[in-house]
J.: 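Quick one: structure below, then a few questions.
In the text below, chain A, chain B and the rest are named by the order of the sequence lines, each starting its count at 1.
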Amino acid sequence: MAGNPTVFLLMVSGQIESAEFPEFDDIYCRYCWVYGQDWVITSGLEEGITQVTKKSHDDRKLFVWNFPLEVTFKSTNPHGWPQLVVSAYGQDAFGRDVVRGYSAVHIPVTPGQHTRTLPMFVPESTSKLQKFVSWFLGRRPEYVDPKVVAQGEGREVTRVRSQGKVRVSFNVVTKDMKKLGYDTTPTDAGASTQPAATGIVPGAS
Amino acid sequence: MAEVHVIGQIVGASGFPEHSLFCKWGVHAGGAWKILSGTREGQTQVDNPQDEERANWSHPIDIHFSTKGLQGWPKLHFQVWHQDSYGRNELYGYGFCHVPTSPGMHNLECVTWRPAGSLREQISQYFIGGGPQLKNPDVVYTGADRCKLTTVTMGKVQLQLGIILRNFDKYGIEC
């Protein structure tokens, strides 16, 4: 292949595996990818919704979604590296949809298999009266746009309560990062392997 | 020019006496370093954990440095504050840690401390809160005037950072 690459690819295959929310039941998740201006999704969905799941009746009290995530990004610059934003929703006592937690995590920068546990948090009302009114009307405080969770700016004025955690696993593959000069693994690793360009297949006699 | 990307988050903090914590963070680097994109400081949300002891911030950090030299490798510094139900803020700890020098994913735990103050200040802090704070926060990441301080150990801040380096091997740097 002639010519130097100017873009690199990041491919992620993974799943929103499971969650623990001790006080709640019947939960589903919405997810979306948040990334910088230099990034573009070349395949896969930008957002999605999982099924509604009930917690297990054993001691683990686990919610399982096993929801596949498959996406490929193209970029010229690692700044703005994509993040997965997960929002969990459930139903309150009156049958209305309320938010149970938000969280965001960066896709790991090294190729390979990674598991992440995302602690979930919800915005909190400031006064006790507001808390009662929102419980009564079923309109809990929530973010207008969940993507806010993936930013650092503007967080200093929010008060949140953290509850529950969601487990996500990622399998990360990158292409052409090394050719563009980017290192995502330390120099010792892989120093002794044969370069693929010589046409030698490892293990072949 | 070599480049460093710091991509990750301030996950949370644990080991502090009270809940309802937030963190002010900043990054400091030597003269040869320049920030090409990303914010160099910020403040997390105030978190009140329901089920567990650890405060969860999940505050994203995405900074792109370029550098002409190895000296002055970037350091992240933190101030952990407690916000009580009346809205008052009390300093709970200072800490710093260097950005890791090798590429890849890193889980870091940054220890924190706060200034101790005289016996009188400690007694008043016990009853009404609000202990001494540093006049010059630079002391957190330099060793300059530390010998004059007496400090008390506080909790830890957890970070998860992914480091991408560019062109370091062209200059013969092994990391």
J.: At their closest point, which heavy atom of A:Gly164 faces which heavy atom of B:Asp51, and how far apart are they?
T.: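 Closest approach of A:Gly164 to B:Asp51: N-OD2, 3.2 Å.
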J.: Within the supplied structure, the quantity of interest is the number of heavy atoms (other residues, nucleotides, ligands) at a distance under 6.0 Å from A:Lys178 NZ; does it exceed 12?
T.: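 It does: A:Lys178 NZ has more than 12 such atoms within range.
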J.: To the nearest 0.5 Å, how far apart are CD1 in B:Ile163 and OG1 in A:Thr184?
T.: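 So the gap between those two atoms works out to 11.5 Å.
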J.: Around A:Arg96, counting heavy atoms of other residues, nucleotides and ligands shown, do more than 12 lie under 6.0 Å from its CZ?
T.: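 Yes - once you tally the heavy atoms of other residues, nucleotides and ligands closer than 6.0 Å, there are more than 12.
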J.: Does atom NZ (A:Lys131) have a neighbourhood of more than 12 heavy atoms from anything else shown, all under 6.0 Å?
T.: yes
J.: So for B:Thr44, is it side chain, backbone, both, or neither that comes closer than 4.5 Å to the heavy atoms of chain A?
T.: backbone
J.: Can you tell me how far the NE2 atom of B:His59 sits from the CD atom of A:Glu156, to the nearest 0.5 Å?
T.: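 So the gap between those two atoms works out to 8.0 Å.
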J.: Please find the pair of heavy atoms, one from B:Gly162 and one from A:Val109, that lie closest to each other, and give the distance.
T.: CA-CG2, 3.8 Å
J.: Name the option with the most non-hydrogen atom pairs under 4.5 Å to chain A; the candidates are B:Met105, B:His64, B:Glu3, B:Glu52.
T.: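 That would be B:Met105.
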J.: Tell me, do A:Met120 and B:Asn56 make a side-chain contact under 4.5 Å, heavy atoms counted?
T.: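 In short, these two side chains do not touch, never coming nearer than 4.5 Å.
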J.: Would one find more than 12 heavy atoms of other residues, nucleotides or ligands at under 6.0 Å from atom NZ of A:Lys55?
T.: yes
J.: B:His5 and A:His79: which non-hydrogen atoms are nearest, and at how many Å?
T.: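 Taking B:His5 first and A:His79 second, the nearest heavy atoms are CE1-N, 3.6 Å.
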J.: At their closest point, which heavy atom of B:Trp57 faces which heavy atom of A:Phe121, and how far apart are they?
T.: O-CE2, 4.3 Å
J.: Which bit of A:Leu118 is near chain B, if near means a heavy-atom gap under 4.5 Å: side chain, backbone, both or neither?
T.: neither
J.: Shortest non-hydrogen contact from B:Gln9 to A:Ala104?
T.: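 It is NE2-O, 3.0 Å.
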J.: How many angstroms lie between atom CD of B:Gln50 and atom CD of A:Glu23, to the nearest 0.5 angstrom?
T.: 5.5 Å
J.: Which region of A:Gln151, side chain (C-beta onward) or backbone (N, CA, C, O), has a non-hydrogen atom less than 4.5 Å from a non-hydrogen atom of chain B, or is it both or neither?
T.: backbone
J.: Can you give me the closest heavy-atom contact between B:Ile164 and A:Pro78, atom names plus distance?
T.: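 For B:Ile164 and A:Pro78, the tightest heavy-atom pair comes out as CD1-CB, 4.0 Å.
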J.: Under a 3.5 Å distance rule, please check whether B:Asn48 uses its side chain to pair with a backbone N or O of A:Arg159 as donor and acceptor.
T.: no
J.: Check each atom of B:Ile61 against the heavy atoms of chain A and say whether the ones under 4.5 Å are side chain, backbone, both or neither.
T.: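 The backbone, not the side chain.
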J.: Has B:Lys75 got more than 12 heavy atoms of other residues, nucleotides or ligands less than 6.0 Å from its NZ?
T.: yes
J.: Sort out for me which of A:Gly36, A:Pro111, A:Ser103, A:Gly80 touches chain B most, counting heavy-atom pairs under 4.5 Å.
T.: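 Looking at each of A:Gly36, A:Pro111, A:Ser103, A:Gly80 in turn, A:Gly80 comes out on top.
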J.: Quick one: does A:Arg155's side chain get under 4.5 Å of B:Pro60's, heavy atoms only?
T.: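 In short, these two side chains touch, coming nearer than 4.5 Å.
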J.: Answer yes or no: does atom CD of B:Glu53 have more than 12 heavy-atom neighbours from other residues, nucleotides or ligands under 6.0 Å?
T.: yes
J.: Would one find more than 12 heavy atoms of other residues, nucleotides or ligands at under 6.0 Å from atom CZ of B:Arg120?
T.: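 No, not enclosed.
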